[in-house]
Amino acid sequence: MKITNEQLKDMYLTMLKIRKFEKNAMDKFAEGKIPGFVHLYIGEEACATGACAALRVDDYITSTHRGHGHIIAKGGDLNYMMAELFGKSDGYCKGKGGSMHIADADKGILGANGIVGAGHNIAIGSGLAIKYRKTDQVCVCFFGDASTNQSTFHEGLNLASVWKLPVVFVCENNGYGISVSQKRHQAITDISVRASAYNMPGITIDGNDLFAVHEAVGEAVERARKGQGPTLIECKTYRWRGHFEGDMTVYRPDGELEAWMKKDPIPRVEKYFIENNVMTQDEINKLNAEVDKMIEEANKFAVNSPAPSLESALEDVYSDIVEEGRVR
Amino acid sequence: MKITNEQLKDMYLTMLKIRKFEKNAMDKFAEGKIPGFVHLYIGEEACATGACAALRVDDYITSTHRGHGHIIAKGGDLNYMMAELFGKSDGYCKGKGGSMHIADADKGILGANGIVGAGHNIAIGSGLAIKYRKTDQVCVCFFGDASTNQSTFHEGLNLASVWKLPVVFVCENNGYGISVSQKRHQAITDISVRASAYNMPGITIDGNDLFAVHEAVGEAVERARKGQGPTLIECKTYRWRGHFEGDMTVYRPDGELEAWMKKDPIPRVEKYFIENNVMTQDEINKLNAEVDKMIEEANKFAVNSPAPSLESALEDVYSDIVEEGRVR
Amino acid sequence: MKKMTYAEGIREAMRKKMQEDPSVLLFGEDVGKFGGCFGVSAGLWEEFGDDRVRDTPISEGAIVGAAVGSAACGLKPIAELMFVDFLTVGMDQLVNQAAKMRYMFGGKINLPMVLRVPSGGGVGAAAQHSQSLEAWVTHVPGLKVVYPSNAQDAYGLLMTAIDDQNPVVFVENKMLYSAKTDVDENELKPIPLGKARIAKDGTDVSIITYGRQVFDALTAAEALAKEGISAEVLDLRSLYPIDKEAIAQSVGKTHKVVLVSEECKRGAYTGDIAAQIAEEYFYDLDAPIKRVGALNTPVAFATDLESYILPNARDIELAVKSLFD
Amino acid sequence: MKKMTYAEGIREAMRKKMQEDPSVLLFGEDVGKFGGCFGVSAGLWEEFGDDRVRDTPISEGAIVGAAVGSAACGLKPIAELMFVDFLTVGMDQLVNQAAKMRYMFGGKINLPMVLRVPSGGGVGAAAQHSQSLEAWVTHVPGLKVVYPSNAQDAYGLLMTAIDDQNPVVFVENKMLYSAKTDVDENELKPIPLGKARIAKDGTDVSIITYGRQVFDALTAAEALAKEGISAEVLDLRSLYPIDKEAIAQSVGKTHKVVLVSEECKRGAYTGDIAAQIAEEYFYDLDAPIKRVGALNTPVAFATDLESYILPNARDIELAVKSLFD
Ligand SMILES: Cc1ncc(C[n+]2csc(CCOP(=O)(O)OP(=O)(O)O)c2C)c(N)n1
Ligand SMILES: Cc1ncc(C[n+]2csc(CCOP(=O)(O)OP(=O)(O)O)c2C)c(N)n1
Ligand SMILES: [Mg+2]
Ligand SMILES: [Mg+2]
């Protein structure tokens with residue numbers, strides 16, 4: 001996989017957008033402006049970014065409860081996203097979905113998902129549609145380590161494999177399902193070994209290495225486009241925050257977070273930029289400032305967007321039926 | 001695994017019981033005496049027999065829709081079984097369960113099951129109970145090849161492995177899930193490769209070889225008793241009849257059945273008996289006649305057993321509530 | 001008039017839509033060469049091939065999930081579960097994904113998928129293969145639920161369901177598959193969801209039902225006629241959307257209601273309909289609302305027990321008569 | 001009088017039973033050191049250790065299945081699903097295994113298992129984490145279903161549920177977890193299933209409800225009292241077995257009924273109760289049977305939308321008043 005410097009800069013920009021979007025979400029949650037559950041992606045930015053950079057607009061992704069990063073990387077609009085987190089009418093879902101349910105069909109984003117493992121089976125449906133129509137699109141299915149014990153992982157990978165569907169399964173192994181560490185939820189270390197259960201290629205990579213993710217996913221995407229079927233890619237990574245905002249992370253051993261923070265994917269790319277004269281520190285700083293502005297914009301957009309009308313609750317259950325309200 | 005001649009004769013007897021029980025069920029179904037679905041085990045006798053011979057009375061098994069063989073091998077009573085197939089009040093389930101739901105808790109038989117894959121998760125519950133009580137019992141979970149694509153296979157094996165439960169997973173790979181051949185339902189040939197997804201030992205053996213089954217299961221049972229966790233054993237075998245009685249087997253290639261009939265597990269043991277002077281042909285014939293009589297008895301028992309009373313339909317929903325009937 | 005079996009009605013609707021619309025495909029366990037466990041799709045694999053009539057592994061979650069995902073990406077999948085009882089295995093995909101996606105996504109996705117689920121008892125298949133579970137799915141906002149009673153309706157409702165932009169649970173009764181009924185060939189066309197059918201006109205009592213019990217209700221109505229009771233039989237056809245107007249009209253006319261379904265009575269969808277009537281048309285009623293359903297037990301195996309548990313024409317007749325005592 | 005939170009009531013019942021009976025254990029996602037997603041099991045892992053308070057992988061099928069299998073082999077498992085919404089994933093184990101095993105096996109097995117399921121909306125968790133699904137499980141013969149509204153009942157009902165020889169779905173309301181209510185320490189003991197509680201006496205109308213809506217009903221009753229309407233509030237506590245006698249008595253006294261639950265109204269269990277009343281106590285009624293529930297939509301995310309969708313005290317008040325117009 002050759003990456004041009006322009007592509008690299010784009011990817012870096014994406015990582016910044018994710019990091020800063022998440023920090024803002026973190027703050028606004030703490031301020032009580034965002035209701036519900038918020039699962040932040042900070043620390044894992046290289047996974048979504050490297051993977052989605054290997055995709056076209058007409059490719060699909062399925063995402064998870066920890067979906068902001070995937071959605072931004074696949075081209076999701078920051079304003080609509082932030083407005084959705086705030087539960088506003090201009091949000092992606094008109095305030096009906098919230099953080100866990102952002103989708104953008106036009107960009108092939110088949111939705112974040114509140115059900116662990118749900119994406120696996122939706123992704124095979126997407127792969128089936130692609131294969132059926134004989135286009136060369138692909139679907140990337142993102143999921144966490146703990147979701148690989150869910151029923152859907154097994155069914156989805158088996159079907160994708162036996163039907164040779166153009167699906168790339170990208171596991172973000174951050175070592176935990178909420179409080180349960182990987183070694184307590186499964187007896188394996190590298191999740192990619194599970195690929196052999198479906199006779200599909202499996203590979204484990206450093207999920208904090210943007211280049212590695214991009215290369216591995218890029219190759220899998222090529223195979224998929226050529227009709228050679230699915231691949232399982234495990235990206236070892238780490239989430240810096242608690243499982244959701246508010247989680248006190250009592251289950252983490254001392255020093256673990258700190259060790260992983262040293263592997264922060266963002267400075268690694270910055271270092272590469274400077275060492276290889278792709279960007280100067282000044283340019284980097286400027287880009288950071290630009291992204292800060294985007295986030296500020298998104299924030300403003302969210303704050304200024306009106307709350308959804310109550311009657312809107314009755315719409316969108318069906319395409320053709322508006323439900324009855326009640327007298328209050 | 002050393003097998004004494006007595007043990008061998010016992011196993012042979014078990015295989016005969018299964019074969020002849022099934023033939024009788026086949027005939028009685030054809031005569032319209034047995035309602036519902038009947039899935040026969042003919043051809044696969046060595047699997048249940050070899051496996052259960054490695055078990056004690058206080059060990060557990062979970063079974064499937066094709067369960068007669070497992071139940072007989074684990075010590076199920078032929079009379080009660082046959083009566084249940086006929087839907088009679090003296091049947092194992094008082095006529096409420098039928099072929100697919102025979103159980104005998106006293107013998108550790110946790111039930112045949114009409115839901116493909118249900119046994120996997122029940123077996124881990126059984127394994128959990130054993131481990132929790134710190135006895136050295138085991139649970140053998142029987143299931144078919146096609147069930148290994150069901151959600152429960154994955155969840156069950158993962159949990160058994162990470163909790164090191166004393167469960168032996170015995171896959172009876174007869175090459176089909178109803179009409180769908182293995183290569184059309186999964187992209188692997190040896191199902192035992194799936195063991196590696198759970199970091200548990202996996203082995204593929206000739207399921208029509210009574211010795212091989214007994215040895216493999218015996219070893220796995222020993223490991224389990226010692227607290228060394230679960231094993232996946234794949235027994236390659238074949239069902240002679242259709243999926244259920246009435247299935248015209250349009251999906252079978254010509255000659256496939258005939259080739260497998262040559263590998264009939266029963267004559268293989270008879271040959272061994274004669275070659276090794278364990279039993280003479282006369283003794284074999286006598287034993288066959290004895291089993292014929294047992295089946296005849298079971299048949300009589302079933303025919304003579306009264307139909308369940310209508311009110312009995314209202315009992316056994318709960319331990320302590322009898323449901324209301326209705327006026328007819 | 002031409003006769004057609006219920007299974008044929010379903011099959012011909014699938015065939016017609018697949019001929020017309022290349023985005024329609026069928027998948028499920030053994031739906032291909034085997035023709036489906038009940039033979040409903042017999043011949044379709046031969047006509048449309050592997051791509052459009054697909055055997056799946058035994059993975060109900062993946063079957064329903066593949067329907068959701070492929071519908072979200074523009075196909076019009078028809079997925080078959082071999083028995084409705086296996087809905088329990090693909091329940092998340094139906095309830096938390098299919099039903100809620102449009103709403104969660106703010107209306108920005110269409111999910112034109114049909115889930116076909118053979119239902120009901122009567123074949124000696126015991127507790128895990130004989131359930132009627134329409135109450136579960138009618139309780140889920142975002143799903144439409146259809147339950148035809150005859151070939152003409154099966155054809156027309158399935159035609160509509162396939163084109164519907166929302167997930168439709170299409171309930172089929174396995175005892176009806178081989179039931180031949182009259183079919184008006186000029187009327188073999190889409191039937192809108194949410195329109196009930198008066199299976200028999202009457203003035204004294206409304207028997208509101210659907211599926212197999214329509215026939216039991218008609219049998220009961222005949223017996224009742226001999227005793228001078230004129231029963232109207234309303235075949236709902238579509239459980240959601242439900243034809244409230246037809247119910248209101250019938251109740252307004254007869255003032256007496258008997259609701260019938262094969263579900264076990266506790267928690268049956270007929271309870272919801274009864275509750276609606278008791279809430280909205282209470283003053284139209286001049287007698288208790290009777291409900292006939294299966295007993296509150298799993299379905300037993302033995303033939304006599306099974307038919308004791310399931311409701312029949314005689315039960316309906318007695319229920320009606322109790323309103324005239 | 002001592003105050004206790006609902007979560008404490010549940011926790012203390014688990015603790016008590018685990019202290020008394022070595023065959024009782026608890027497992028589920030993050031129930032160990034983490035203390036459960038809602039903190040309900042906080043401290044139990046510290047007291048009872050890894051063997052008796054077990055974190056599971058995210059495999060709801062295996063969680064419920066392990067409960068079934070271990071109960072069948074003599075343990076008394078308490079399994080927790082993190083949200084009732086995930087029942088969809090373990091539905092087969094509950095419905096086709098746990099509920100039917102005793103019956104299918106001719107009564108020859110006991111399944112003393114409890115499945116704890118945090119339910120309901122109100123925390124901004126949107127469509128996949130806010131459902132009320134008790135209608136599904138009450139519809140399944142073989143399951144008992146309990147839904148306490150306060151600490152005392154939560155304690156007493158869970159004590160009983162753990163010892164029950166049948167599978168019990170123990171529904172918990174997540175908005176109630178932190179609700180402190182009076183507890184009579186002398187009465188901290190098992191409460192039989194199937195006995196309703198009169199939360200407030202009244203003579204003019206029966207508000208029949210359970211769970212969180214008991215509080216809304218009491219609020220409504222207070223408001224109504226000011227307008228001269230004396231409302232009785234019946235807290236069902238146990239949905240199956242259900243206390244038909246208590247319902248009959250209350251209806252026989254007030255002749256007016258309002259049923260309330262947080263379920264979306266279509267297909268709600270309140271419909272079944274309404275239907276029972278309309279069938280068996282019709283002549284006791286002098287007004288329509290009103291039902292208050294959530295709107296027939298998924299639960300939306302935005303706070304205002306969510307509270308518009310869910311029922312509240314004012315809705316109950318208005319429903320009652322409509323019966324007195
Ligand atoms: C079916 C289901 N079970 C449980 C949950 C609760 N839950 C939400 S996220 C999560 C952990 C997921 O872990 P992993 O898949 O590793 O993703 P991560 O959160 O680490 O990104 C759990 C248990 C859920 N949402 N859905
Ligand atoms: C959950 C579920 N899905 C589908 C079925 C229908 N069904 C019964 S047996 C069977 C095939 C099972 O194949 P396999 O596991 O290989 O066992 P075999 O019949 O070959 O012994 C199917 C599809 C079922 N009973 N349960
Ligand atoms: Mg994780
Ligand atoms: Mg097989």
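Letters go in sequence order (proteins before strands), and every chain restarts at 1.
To the nearest 0.5 angstrom, Asn96(C) atom CG is 11.5 Å from Phe83(D) atom CZ. Taking CD1 of Ile289(D) as the start and CD1 of Ile289(C) as the end, the distance is 7.0 Å to the nearest 0.5 Å.
For Ile277(D), no part lies under 4.5 angstrom from a heavy atom of chain C. Interface remark: Tyr240(C) contributes side-chain atoms only to the contact with chain D (heavy atom separation under 4.5 Å). Neither the backbone nor the side chain of Asp284(C) comes within contact range of chain D, judged by heavy atoms closer than 4.5 Å. Interface residue Ala278(D): backbone and side-chain heavy atoms are both found under 4.5 Å from chain C. Interface remark: Ser132(C) contributes backbone atoms only to the contact with chain D (heavy atom separation under 4.5 Å). Interface remark: Val140(C) contributes backbone and side-chain atoms alike to the contact with chain D (heavy atom separation under 4.5 Å). For Tyr283(D), the part lying under 4.5 angstrom from a heavy atom of chain C is the side chain only. Using a 4.5 Å cut-off between heavy atoms, Tyr281(C) does not touch chain D at all.
Between Glu280(D) and Pro288(C) there is no side-chain heavy-atom pair separated by less than 4.5 Å.
Interface with chain C: from residues 242-253 of chain D, no residue qualifies, criterion being any non-hydrogen pair under 4.5 Å.
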Determine all donor-acceptor pairs shorter than 3.5 Å in which one atom belongs to a side chain in residues 98-111 of chain C; sequence neighbours excluded.
residue   : atom : partner   : partner atom : Å
Lys100(C) : NZ   : Val95(C)  : O            : 3.0
Lys100(C) : NZ   : Gln131(D) : OE1          : 3.0
Arg102(C) : NE   : Asn166(C) : OD1          : 3.3
Arg102(C) : NH1  : Ile109(C) : O            : 3.2
Arg102(C) : NH1  : Asn110(C) : OD1          : 3.2
Arg102(C) : NH2  : Asn110(C) : OD1          : 2.9
Arg102(C) : NH2  : Gln165(C) : O            : 2.9
Arg102(C) : NH2  : Asn166(C) : OD1          : 3.3
Tyr103(C) : OH   : Ala313(A) : O            : 2.6
Lys108(C) : NZ   : Tyr92(A)  : O            : 2.3
Asn110(C) : ND2  : Gln165(C) : OE1          : 3.3

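Summarising the local packing, NZ of Lys195(C) is surrounded by 12 or fewer heavy atoms from other residues, nucleotides or ligands at distances under 6.0 Å.
Listed options Pro298(C), Ala275(C), Ala300(C) were ranked by heavy-atom pairs under 4.5 angstrom with chain D; first place goes to Pro298(C). Ranked by heavy-atom pairs under 4.5 Å with chain C, the list Met91(D), Arg291(D), Glu279(D) is led by Glu279(D). Note: Asp92(D) leads Ile273(D), Leu87(D), Asp92(D) in heavy-atom pairs under 4.5 Å with chain C. Among Asp85(C), Thr88(C), Thr270(C), the residue with the largest count of heavy-atom pairs under 4.5 Å with chain D is Thr88(C).
Between the side chain of Arg266(C) and the backbone N or O of Thr138(D), at least one donor-acceptor pair lies under 3.5 Å.
When all heavy atoms are compared, the tightest approach of Asn296(C) to Pro141(D) is O-CB, 3.5 Å.
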